[in-house]
Colleague: 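Submitted below is the structure of interest, expressed as structure tokens.
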Amino acid sequence: MCGRYALAKDPAGLAEEFDARDATDGALDTPEYNVAPTLTIPGVVDRHPRDDDGTPDPSAVERSVRAMRWGLVPSWAKDLSVGNRLINARAESLTEKPAFRRAAASRRCLVPADGWYEWLRDGKHKTPYFMTFRADSDLAGHSLALAGLWETWRPEKGADPLVSTTIVTTDSAGPLTEVHHRMPLVIPAARWAEWLDPDNDDPTDLLAPSEEILAAIEMRQVSSKVNNVRNHGAELVEEVHEVPEQQGLDLEAVNPS
DNA sequence: CCAGACGTTGTT
DNA sequence: GTCTGG
DNA sequence: CCAGACGTTGTT
DNA sequence: GTCTGG
């Protein structure tokens with residue numbers, strides 16, 4: 001699945017990478033190697049620009065990076081906490097579920113990440129792994145563009161809207177099944193515009209993992225320091241080999257070469 | 001009709 | 001807001 | 001996702 | 001065990 005990830009790039013760097021305007025307004029804390037649900041994170045969106053009256057111009061589209069709270073708060077929510085459990089949306093059902101279908105049809109976004117974490121458990125012990133683009137792949141150094149949905153929510157009529165987001169998950173594929181049976185949907189750059197298109201109300205064709213992306217991802221064991229959200233540093237994504245006999249996940253065998 | 005949910009994950 | 005269940 | 005709380009009363 | 005907070 002995807003309940004924790006890392007992001008080193010700042011909003012200006014993301015704006016450049018995604019060819020977007022930086023509209024995050026200083027709301028983000030970056031770098032952050034331990035991004036957890038409820039934090040404010042950057043999301044990339046395509047929107048029709050609006051004039052002073054709020055009327056959208058259907059002939060134009062503007063791409064921007066925006067600050068969003070991780071955990072989708074539907075427009076009908078009574079309070080913010082509804083979003084705490086809506087941190088992921090299943091690709092298999094997001095066009096049907098009441099909480100997600102409106103966003104799925106017209107408010108899709110990309111959530112940039114350096115990689116995401118999964119945990120293997122052995123009784124009480126939890127061993128974290130980090131999934132990222134292989135250093136020797138063409139995609140090394142690029143962000144993973146995680147598929148997301150976004151919504152606005154107002155605590156009361158007329159109040160400033162809160163923008164929130166959820167990350168789309170699919171069944172795992174390939175070597176990634178070794179660490180977990182669900183994974184985030186990563187959109188290849190060639191299909192970003194199609195995913196973000198606010199006039200495309202049927203994302204069905206985009207909901208399967210890309211082979212190109214799967215082949216570029218590696219997994220590595222990392223420090224259990226990432227388990228605790230109070231740790232934030234770059235050392236969280238560095239490879240470690242702690243007590244390997246407790247886990248027996250053979251990374252030589254599962255990483256593609 | 002009204003009331004209540006609206007979601008995913010993991011674990012057994 | 002909209003759908004489902006009673 | 002994981003970690004950590006989970007509660008009230010009375011006293012200072 | 002289950003919920004909340006980060």
Side-chain angles (χ1 to χ4, degrees), chain A residues 1-7 27-42 67-107 111 113-132 144 146-157 161-162 164-172 176-185 201 207 219-233 236-237 242 247:
Chain A
M1 65 153 323
C2 185
R4 208 77 76 79
Y5 69 91
L7 178 65
L28 301 175
D29 209 5
T30 52
E32 172 57 79
Y33 290 86
N34 203 351
V35 181
T38 74
L39 292 188
T40 299
I41 62 175
M68 305 179 173
R69 177 187 165 94
W70 185 8
L72 188 133
V73 185
S75 57
W76 40 259
K78 299 275 189 302
D79 68 274
L80 201 74
S81 68
V82 172
N84 292 1
R85 283 163 300 162
L86 305 185
I87 66 166
N88 291 132
R90 291 175 62 87
E92 298 90 330
S93 56
L94 55 73
T95 60
E96 289 145 32
K97 296 288 184 185
F100 298 136
R101 58 181 287 189
R102 285 166 168 278
S106 60
R107 283 184 300 278
V111 176
D114 291 348
W116 77 95
Y117 300 99
E118 303 282 6
W119 281 261
L120 276 186
R121 55 193 67 220
D122 178 9
K124 247 170 73 166
H125 195 78
K126 291 171 186 170
T127 304
Y129 291 81
F130 184 64
M131 269 54 62
T132 190
L144 283 72
L146 309 184
L149 310 176
W150 65 280
E151 273 286 1
T152 57
W153 172 80
R154 288 177 170 79
E156 62 245 16
K157 212 176 170 182
L162 172 89
S164 60
T165 185
T166 188
I167 293 173
V168 176
T169 62
T170 67
D171 270 334
S172 286
L176 298 176
T177 59
E178 296 290 331
V179 69
H180 203 74
H181 70 103
R182 302 290 293 176
M183 68 177 189
L185 176 62
D201 65 7
L207 295 174
M219 66 182 90
R220 64 175 81 126
Q221 189 182 337
V222 293
S223 165
S224 57
K225 278 194 268 181
V226 75
N227 295 16
N228 196 311
V229 295
R230 82 169 93 93
N231 298 317
H232 301 285
L236 301 183
V237 299
E242 290 172 349
Q247 289 302 330

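Any value given below was found using the heavy atoms of this structure, including those in side chains, with hydrogens, waters and symmetry copies removed. So that the names make sense, note that chain A is the first sequence line, chain B the second, and so on, each numbered from 1.
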Colleague: Once you apply a heavy-atom cut-off of 4.0 Å, does A/S75 come out as touching a base, just sugar-phosphate, or nothing?
Modeller: nothing

Colleague: Does A/S81 reach a base, just sugar-phosphate, or nothing at all? Heavy atoms under 4.0 Å.
Modeller: nothing

Colleague: Quote, to the nearest angstrom, the P distance that separates D/dG4 from B/dG7.
Modeller: 31 Å

Colleague: Please table the atom pairs, donor to acceptor, closer than 3.5 Å between any side-chain atom in residues 31-42 of chain A and protein atoms at least two apart or in another chain.
Modeller:
{"from": "A/E32", "atom 1": "OE1", "to": "A/H232", "atom 2": "ND1", "distance (Å)": "3.0"}
{"from": "A/E32", "atom 1": "OE2", "to": "A/N34", "atom 2": "N", "distance (Å)": "2.8"}
{"from": "A/E32", "atom 1": "OE2", "to": "A/H232", "atom 2": "ND1", "distance (Å)": "3.1"}
{"from": "A/N34", "atom 1": "OD1", "to": "A/R4", "atom 2": "NH1", "distance (Å)": "2.9"}
{"from": "A/N34", "atom 1": "ND2", "to": "A/V226", "atom 2": "O", "distance (Å)": "3.1"}
{"from": "A/N34", "atom 1": "ND2", "to": "A/N228", "atom 2": "O", "distance (Å)": "3.1"}
{"from": "A/N34", "atom 1": "ND2", "to": "A/N231", "atom 2": "O", "distance (Å)": "2.9"}

Colleague: Using the P atom as the point on both nucleotides, what is the distance between D/dT8 and E/dT4, in whole Å?
Modeller: 15 Å

Colleague: Name all pairs fulfilling the salt bridge (Lys or Arg N to Asp or Glu O under 4.0 Å) condition that reach into residues 91-103 of chain A, sequence neighbours left out, sorted by first residue then second.
Modeller: A/R90-A/E92, A/E92-A/R182

Colleague: Reckon A/P74 touches a base, only the sugar-phosphate, or nothing at all at heavy-atom distances under 4.0 Å?
Modeller: nothing

Colleague: Determine the contact category for A/Y5: base if any of its heavy atoms lies under 4.0 Å from a base atom, sugar-phosphate if only primed atoms, P, OP1 or OP2 are that close, otherwise nothing.
Modeller: nothing

Colleague: Check every nucleotide of DNA chain D for an atom under 4.0 Å from a heavy-atom of chain A, then give the first and the last such nucleotide from 5' to 3'.
Modeller: D/dC1 to D/dG4

Colleague: Over all strands shown, is A/W119 touching base, sugar-phosphate only, or nothing at heavy-atom distances under 4.0 angstrom?
Modeller: sugar-phosphate

Colleague: Mind checking what makes salt bridge (Lys or Arg N to Asp or Glu O under 4.0 Å) contact with A/K225, not counting sequence neighbours?
Modeller: A/E235

Colleague: When you compare the side chains of A/E118 and A/W116, does any donor N or O come within less than 3.5 Å of an acceptor on the partner?
Modeller: yes

Colleague: Please tabulate the protein-to-nucleotide N/O contacts below 3.5 Å involving nucleotides 2-6 of chain C, giving atom names and distances.
Modeller:
none

Colleague: Indicate, with a heavy-atom threshold strictly under 4.0 Å, whether A/S93 touches base, sugar-phosphate, or nothing.
Modeller: sugar-phosphate

Colleague: Answer with base, sugar-phosphate or nothing: what part of the nucleic acid does A/A99 contact at a heavy-atom distance below 4.0 Å?
Modeller: sugar-phosphate

Colleague: Just the dot-bracket of DNA chain D, please: which string comes out with Watson-Crick or G-U pairs under 3.5 Å, [ ] for crossing, | for another strand?
Modeller: ||||||......

